[in-house]
K.L.:
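Take a look at the following structure, please.
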Amino acid sequence: MTNGKNAAVPMPLSPSGAEGGTSFTAARPLRREGRRKQGPPRLLSAVGPMLLLLTSMAPVAIPAAAAMPVRSSLPVAAAPVAAAPSACAQSGTTGSSATSAYAVTATPNDSIDDTANIQGRINAAGIAGGGVVKLSTGTYIINGKLQMQNNVTLEGQGPGTILKAGPSFTNNTGPAGGYPLVTTAGADNTTLSHFTADHSGDTLNGNVVGRLNEYVIDVRESRNSLVQDVHTKNPFTYSIAFVGGSGWCVRDSSTQSATNGKYVELDGIHAMNTSDGDIVGNIVDQRKGTDGDDGIAVHTFGDEDVHDIRIANNNVRGGRHGAGIDLAGGSGVIYNINLTGNTVWGSPRGLHDAYYDGTEHIHHIQIVGNTFMNNDIKTTGGAVDFERPVTYVTMTDNTACNSGDYRLPSGTGNINARNTYTALC
């Protein structure tokens, strides 16, 4: 900004839906013009906070059921049992509304590259104004990069429908210079549902130029994007990522990292330079092998912001190189993040902040009713560890066991109350 002052506009943080989260009003900072670093483009912008006071604060009950047994050894993540899909309460995401069916005619379970066949059906549906591209059960070989079109759904039959990177997958790149199995690449109103994405990082050499430019499931510069019941395996980059754009939801999906000594920076679910999103009801396990990094990461890159994201009811194990949940700040601002009802276990730390390319403060964060268990650090900060100054952080009604305590520095508007800790689970 040219006048050297920041103007604040009140912006409500949506409640956390049926779980009964609290709501408050936070400052929506305006952008500082003329100081943009190189990085992924985005549609929304907001920087330079003037903080408003927390207006309401009601306790949220600890979820009745952690989906894992309480014991001293590391629990095994189990699929959540739910009568209905997790709600995209923050974003209101619905994905594609189209219903016309476009069946893929490629034959699964052979060695033939199916990229062109599937992409052809996606394109046909897009040209027609939208449609549902249907995949059968079985394995489809993908040597190219699938690119979504507006108002299109790519739908399998469940985890037994597998999109698998083929032997020539690393011979070409996606539109942003990386290696996605599926990318939205700016398409709006898309749905990805009911399939497994196998990046083949266990058999391919994924240490290639551009490995971190695009991601296994790559939702990029799009609006109203839904990822549901999608399961990733064998990644050599981030597994499910939202970059730029706004209005997105990933629910009832899973990620895992199981390789040993091949890769670094294998995040599970990653939100970068984006806003108005939901990460709900997912199973994230980045520690099946030794290569995994953060389980869930909220990340600024350059001076772009990340804000208004709900992270609720997830079962998360971060990899040995990262944390269960990481707020990765820098020259952009992270604010209005609601973390409710998550179980974070078996990670180096439960919830952690980090700064990579700047020192903008993280602010207006709710950490309510989460469970932290069996994380590596057994001294202060193993459950929640804010190492840098933060403001307007509400940390209440959380439970930690065998994980170390909670570390929240003193700061304007910070609340640390009714959190419990026991040495054993």
Side-chain angles (χ1 to χ4, degrees), residues 73-77 142 145 159 162-167 169-170 173-174 176-183 196-218 227 230-243 250 253-272 279 282-299 301 314-328 342-352 354 356 374-377 382 385 403:
S73 59
L74 292 182
V76 177
I142 306 297
K145 312 291 175 283
I162 302 170
L163 300 176
K164 182 177 176 62
F169 183 75
T170 57
T173 59
Y179 299 88
L181 272 168
V182 185
T183 180
T196 296
D198 184 347
H199 213 206
S200 298
D202 56 333
T203 56
L204 295 176
N205 179 8
N207 288 301
V208 286
V209 175
R211 178 177 69 89
L212 294 173
N213 288 359
E214 288 174 284
Y215 312 110
V216 183
I217 299 296
D218 187 81
V227 178
V230 171
H231 310 279
T232 65
K233 58 190 297 188
N234 299 316
F236 57 81
T237 185
Y238 305 160
S239 290
I240 300 175
F242 301 86
V243 182
V250 52
S253 297
S254 71
T255 73
Q256 59 176 280
S257 172
T259 53
N260 296 287
K262 291 191 70 172
Y263 307 110
V264 296
E265 296 187 74
L266 299 186
D267 288 359
I269 298 175
H270 197 103
M272 180 165 62
I279 302 172
N282 304 287
I283 297 174
V284 177
D285 191 349
Q286 300 305 105
R287 207 167 187 178
K288 287 181 175 291
T290 61
D291 292 349
D293 208 313
D294 297 323
I296 296 174
V298 177
H299 180 195
F301 186 87
N314 300 284
N315 184 323
V316 183
R317 180 165 66 155
R320 76 180 180 94
H321 298 291
I325 300 174
D326 195 30
L327 304 180
N342 302 286
T343 297
V344 184
W345 63 282
S347 310
R349 290 180 176 91
L351 171 64
H352 181 238
Y356 295 109
N374 295 320
N375 295 306
D376 290 357
I377 295 176
D385 187 8
S403 294

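Since we're looking at a predicted model, the values are computed, not measured.
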K.L.:
Can you check whether G292's main-chain N or O pairs, donor with acceptor, with Q286's side chain at less than 3.5 Å?
P.N.:
no

K.L.:
Quick one: does any side-chain atom of S200 pair with a main-chain N or O of A165 as donor and acceptor, under 3.5 Å?
P.N.:
yes

K.L.:
Rounded at 0.5 Å granularity, tell me how far CD in E265 sits from OG in S257.
P.N.:
12.5 Å

K.L.:
Using atom types as modelled and distance alone, determine if a side-chain donor or acceptor of D202 lies under 3.5 Å from a backbone N or O of T259.
P.N.:
no

K.L.:
Which atoms form the tightest heavy-atom contact between N314 and I279, and what is the distance?
P.N.:
ND2-O, 2.8 Å

K.L.:
State whether the side chain of E214 and the backbone N or O of P180 hold a donor-acceptor pair below 3.5 Å, judged by distance alone.
P.N.:
no

K.L.:
Measure across G322 and D293 and return the closest heavy-atom pair with its distance rounded to 0.1 Å.
P.N.:
CA-OD1, 3.3 Å

K.L.:
For a 4.5 angstrom cut-off between non-hydrogen side-chain atoms, does F242 reach V227?
P.N.:
yes

K.L.:
Starting at CD of Q256, measure out to CZ of R317 and round the result to the nearest 0.5 Å.
P.N.:
10.5 Å

K.L.:
Keeping S403 on the side-chain end and N374 on the backbone end, is there a donor-acceptor pair under 3.5 Å?
P.N.:
yes

K.L.:
Testing L163, D218, V216 one by one against V182 for a side-chain contact (heavy atoms from CB on, under 4.5 Å), which residue passes?
P.N.:
L163

K.L.:
Could you report the tightest heavy-atom contact between R211 and L266, atom names first, then the distance?
P.N.:
NH1-CD2, 4.1 Å

K.L.:
Are any non-hydrogen side-chain atoms of Y179 and T237 less than 4.5 angstrom apart?
P.N.:
no

K.L.:
Side-chain contact, heavy-atom cut-off 4.5 Å: T255 with I240?
P.N.:
yes

K.L.:
Quick one: CD1 on I142 to CD1 on I162, what's the gap to the nearest 0.5 Å?
P.N.:
12.0 Å

K.L.:
So, applying side-chain hydrogen bond (donor to acceptor under 3.5 Å, both in side chains) with K164, which one of D198, T203, T196 is it?
P.N.:
D198

K.L.:
Which one of F236, Y215, Y263 satisfies the ring-ring contact (aromatic ring centres under 6.0 Å, His included) criterion with H199?
P.N.:
F236

K.L.:
For the residue pair V316 and W345, establish whether any side-chain heavy-atom pair is separated by less than 4.5 Å.
P.N.:
no

K.L.:
So, for I217 and A197, which heavy atoms are closest and what is the spacing to 0.1 Å?
P.N.:
CD1-CB, 4.0 Å

K.L.:
Of all residues at least two apart in sequence or in a different chain, which pass the ring-ring contact (aromatic ring centres under 6.0 Å, His included) check with H231?
P.N.:
none

K.L.:
Quick one: pull up OG1 in T343 and CD1 in I283 and give me the separation to the nearest 0.5 Å.
P.N.:
11.0 Å

K.L.:
Just by distance, do the side chain of D267 and the backbone of D294 share a donor-acceptor pair under 3.5 Å?
P.N.:
yes

K.L.:
Test of understanding: with ring-ring contact (aromatic ring centres under 6.0 Å, His included), list the residues that count as partners of H270, not counting sequence neighbours.
P.N.:
Y238, H299

K.L.:
Kindly say whether F169 contributes a backbone atom to a donor-acceptor pair with the side chain of K145 at under 3.5 angstrom?
P.N.:
yes

K.L.:
Measure across H321 and D291 and return the closest heavy-atom pair with its distance rounded to 0.1 Å.
P.N.:
CD2-O, 3.6 Å

K.L.:
At their closest point, which heavy atom of P348 faces which heavy atom of G319, and how far apart are they?
P.N.:
CD-O, 3.2 Å

K.L.:
Side chains of V298 and I325, heavy atoms from C-beta outward: is any pair under 4.5 Å?
P.N.:
no

K.L.:
Short question: side chain of R349, backbone of D385 - any donor-acceptor pair under 3.5 Å?
P.N.:
no

K.L.:
Is the backbone of T290 close enough, under 3.5 Å, to the side chain of N260 for a donor and an acceptor to pair up by distance?
P.N.:
yes

